[in-house]
Q: 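Next up is a structure, given as structure tokens.
In what follows, chains are A, B, ... by sequence order, proteins preceding strands, each numbered from 1.
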Number of protein chains: 2
Amino acid sequence: MESLENRLHRCAINTATLGHREPLDVTLERIARAGFGGVAPWRHEVEAIGASAVARQLRALQLTVSGYCRSTYLTGATRAERRASIDSNIQALHDAAELDARCFVMVVGGVSAGSRDLAGARMQVEEGIAQLLAEARKLRIALAIEPLHPMYAAGRSVVNTIGQALALCETIAPDDPSMLGIAIDIYHCWWDPLLAESIADAGRARRILAYHVSDWLADTQDMLLDRGMMGDGVVDLRHFRHRMEQAGYDGMVEVELFSRDRWWKVQPDELLSVCAQRLQSVC
Amino acid sequence: MESLENRLHRCAINTATLGHREPLDVTLERIARAGFGGVAPWRHEVEAIGASAVARQLRALQLTVSGYCRSTYLTGATRAERRASIDSNIQALHDAAELDARCFVMVVGGVSAGSRDLAGARMQVEEGIAQLLAEARKLRIALAIEPLHPMYAAGRSVVNTIGQALALCETIAPDDPSMLGIAIDIYHCWWDPLLAESIADAGRARRILAYHVSDWLADTQDMLLDRGMMGDGVVDLRHFRHRMEQAGYDGMVEVELFSRDRWWKVQPDELLSVCAQRLQSVC
């Protein structure tokens, strides 16, 4: 397998990696100047400037949007709440289309506050995705379901494995892999005993729409904001990218790293330089 | 399905629930006086008093040992390290036999420090269990593999789902369900999309040796020591016990709750009373 050496054009930076410390236009300049080919911006950043202006800057900098972050939750206590989320996501899909994003990243939501109905929450997710898919098809923006680590099942996502996400895709859009697929983030999935088979299955189904990297730190201090820089943790990133490529994935490798107490304190250009170095040496 | 009302004789307390604040003999008195039928003590407590003395007290109090906690890790950087762990576990099996424990609970270990070889760690676990099984058979003490939540895959256990544990059992002891099975702790497994099938499979295979309860708090603050009291979290405990019984499990329901900042500050008798009340009302 080829390393990513001299292939930063195939690599993207999720803007959360930089800690959202600067306006998006500044961030995009930095990412392009560091040599990356792609970026994954977040809604609040894009909406602060306006999608059209962001799209112009992206074209000028020749940056591809590896994914647009991200859906609001599809689970909710009331039908009105869930409908409001669908409407908000439809709005985001229009922006994703304007940015020519490779996909719209779906973080589907956890069990609703006060509820213990996990199966019900999973049904809400299925219904919500089906509703969004009609609009996604019109706009030609693929929906990428991102399975989150099981430690987020209560609050952020009731979709927790690639196998589960794939089953959802096949249920909702059996004949249409191009518009509904999966964003695989290795931080969320590295532990999965079925990971190798699941990546192969997702590849065969042509459902892999994105690949995110960071690392799992052996002494993780915080469940949300303590991801590790690639190479600093326990994940064999080279091995898993190999599996992704064997499964036919030839899209971008996106760094998505939440690290409040470590990397978000590092100056942005320096942080991007570390990302570039680690992508080329350990991913 | 019957509730656990008036059936505390079918319920057990894992001594970690009380925070290991008192010597084991005091703890056993409290648990028996509160009406529970079982207890799951930890090695360090038993070894402090001696297994024979503990066994005498258990008989006098008519307490069953629902499980003996727990194996040292089977993963390790060197063969010598792994051998030392096997030897230590064999010692513990002798104590488990003296205590007439229903099973010896196996927490198998994570990826070794400095390693990224998850598959290799899983092979070490398979080898270690196979080695221990010979001794377990001689002593007639069943080994119960406990799948831990995926957030512990790096440091504590590379066995993270019931399905994975069951596959291990079938590989290591295909014809002998009585000596190698699974301890199902709902805190670790509640999120699993394959949970219902896995419990049913494990039941059909006659591999379910223990069932542990606590609850997953929506706002979990600590990855190790912030489990919730049954009823305070997002897990539909009644539903899952129903599934356990449908799968043929008729053993004890054991409370195992690590809660440094909340329940370990409550006076032991009061805490046992809350456990009893919640077991009978929500489990």
Side-chain angles (χ1 to χ4, degrees), chain A residues 110-122 125 147-168 187-196 215-224 226 228 230-240 282, chain B residues 110-122 125 147-168 187-196 215-224 226 228 230-240 282:
Chain A
V111 178
S112 305
S115 164
R116 293 189 185 92
D117 188 4
L118 180 59
R122 286 173 169 157
V125 168
L148 295 203
H149 194 285
M151 70 184 171
Y152 302 124
R156 295 171 186 274
S157 176
V158 291
V159 174
N160 305 106
T161 64
I162 296 172
Q164 182 194 7
L166 190 56
L168 261 177
Y187 182 83
H188 295 300
C189 302
W190 72 277
W191 58 271
D192 187 350
L194 301 176
L195 186 60
D215 211 335
W216 182 281
L217 297 174
D219 62 341
T220 300
Q221 298 297 312
D222 185 276
M223 289 170 76
L224 188 61
D226 193 27
M230 296 77 74
D232 289 349
V234 301
V235 183
D236 187 346
L237 293 164
R238 183 66 54 98
H239 172 79
F240 289 121
V282 302
Chain B
V111 178
S112 305
S115 163
R116 293 189 184 92
D117 188 4
L118 178 60
R122 286 173 171 158
V125 168
L148 294 204
H149 194 284
M151 70 184 172
Y152 303 124
R156 293 171 188 274
S157 176
V158 292
V159 174
N160 306 105
T161 64
I162 296 171
Q164 181 193 6
L166 190 55
L168 261 177
Y187 182 83
H188 294 300
C189 302
W190 72 277
W191 58 271
D192 187 350
L194 301 176
L195 185 58
D215 210 334
W216 182 281
L217 298 174
D219 63 341
T220 300
Q221 299 296 312
D222 184 279
M223 290 169 75
L224 188 60
D226 193 27
M230 298 77 75
D232 289 349
V234 302
V235 182
D236 187 346
L237 292 164
R238 183 65 56 98
H239 172 80
F240 289 121
V282 303

Q: Based on non-hydrogen pairs under 4.5 Å, which of A/A196, A/P193, A/A154, A/A218 is most in contact with chain B?
A: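 Of the options given, most contacts go to A/P193.
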Q: Look at B/A167, B/G110, B/G233 and state which one has the largest set of heavy-atom pairs under 4.5 Å with chain A.
A: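 Between B/A167, B/G110, B/G233, the count favours B/G233.
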Q: What part of A/D192 gets within 4.5 angstrom of chain B, counting heavy atoms only: side chain, backbone, both, or neither?
A: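 A/D192 touches chain B through backbone heavy atoms alone.
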Q: Which atoms form the tightest heavy-atom contact between A/I162 and A/C189, and what is the distance?
A: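 What the structure gives for the nearest pair is CG1-SG, 3.8 Å.
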Q: If only atom types and distance count, is the side chain of B/N160 paired as donor or acceptor with the main-chain N or O of B/L148 below 3.5 Å?
A: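 Flag set: sc B/N160 to bb B/L148 pair under 3.5 Å.
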Q: If only atom types and distance count, is the side chain of A/Y152 paired as donor or acceptor with the main-chain N or O of A/M223 below 3.5 Å?
A: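 Answer holds: yes.
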Q: Which atoms of A/S112 come close to chain B, meaning under 4.5 Å heavy atom to heavy atom: side chain ones, backbone ones, both, or neither?
A: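 No part of it gets close to chain B.
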Q: Do B/L118 and A/D236 have side-chain heavy atoms sitting under 4.5 Å apart?
A: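 A side-chain contact is absent here, since even the closest heavy-atom pair is not under 4.5 Å.
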Q: Assess the residue pair A/D226 and A/L217 against the criterion (side chain to side chain contact (heavy atoms under 4.5 Å, CB included)); give the C-alpha distance rounded to whole Å, side-chain angles, the decisive distance to 0.1 Å, and a yes or no.
A: CA-CA 8 Å; A/D226 193 27; A/L217 297 174; 3.6 Å; yes
Q: Please look at A/V235 and chain B and tell me whether the side chain, the backbone, both or neither of the residue comes under 4.5 angstrom of a heavy atom of that chain.
A: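 Only the backbone of A/V235 comes within 4.5 Å of chain B.
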Q: Between A/L194 and chain B, with a heavy-atom cut-off of 4.5 Å, which part of the residue counts as in contact: side chain, backbone, both or neither?
A: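 Contact with chain B: side chain only.
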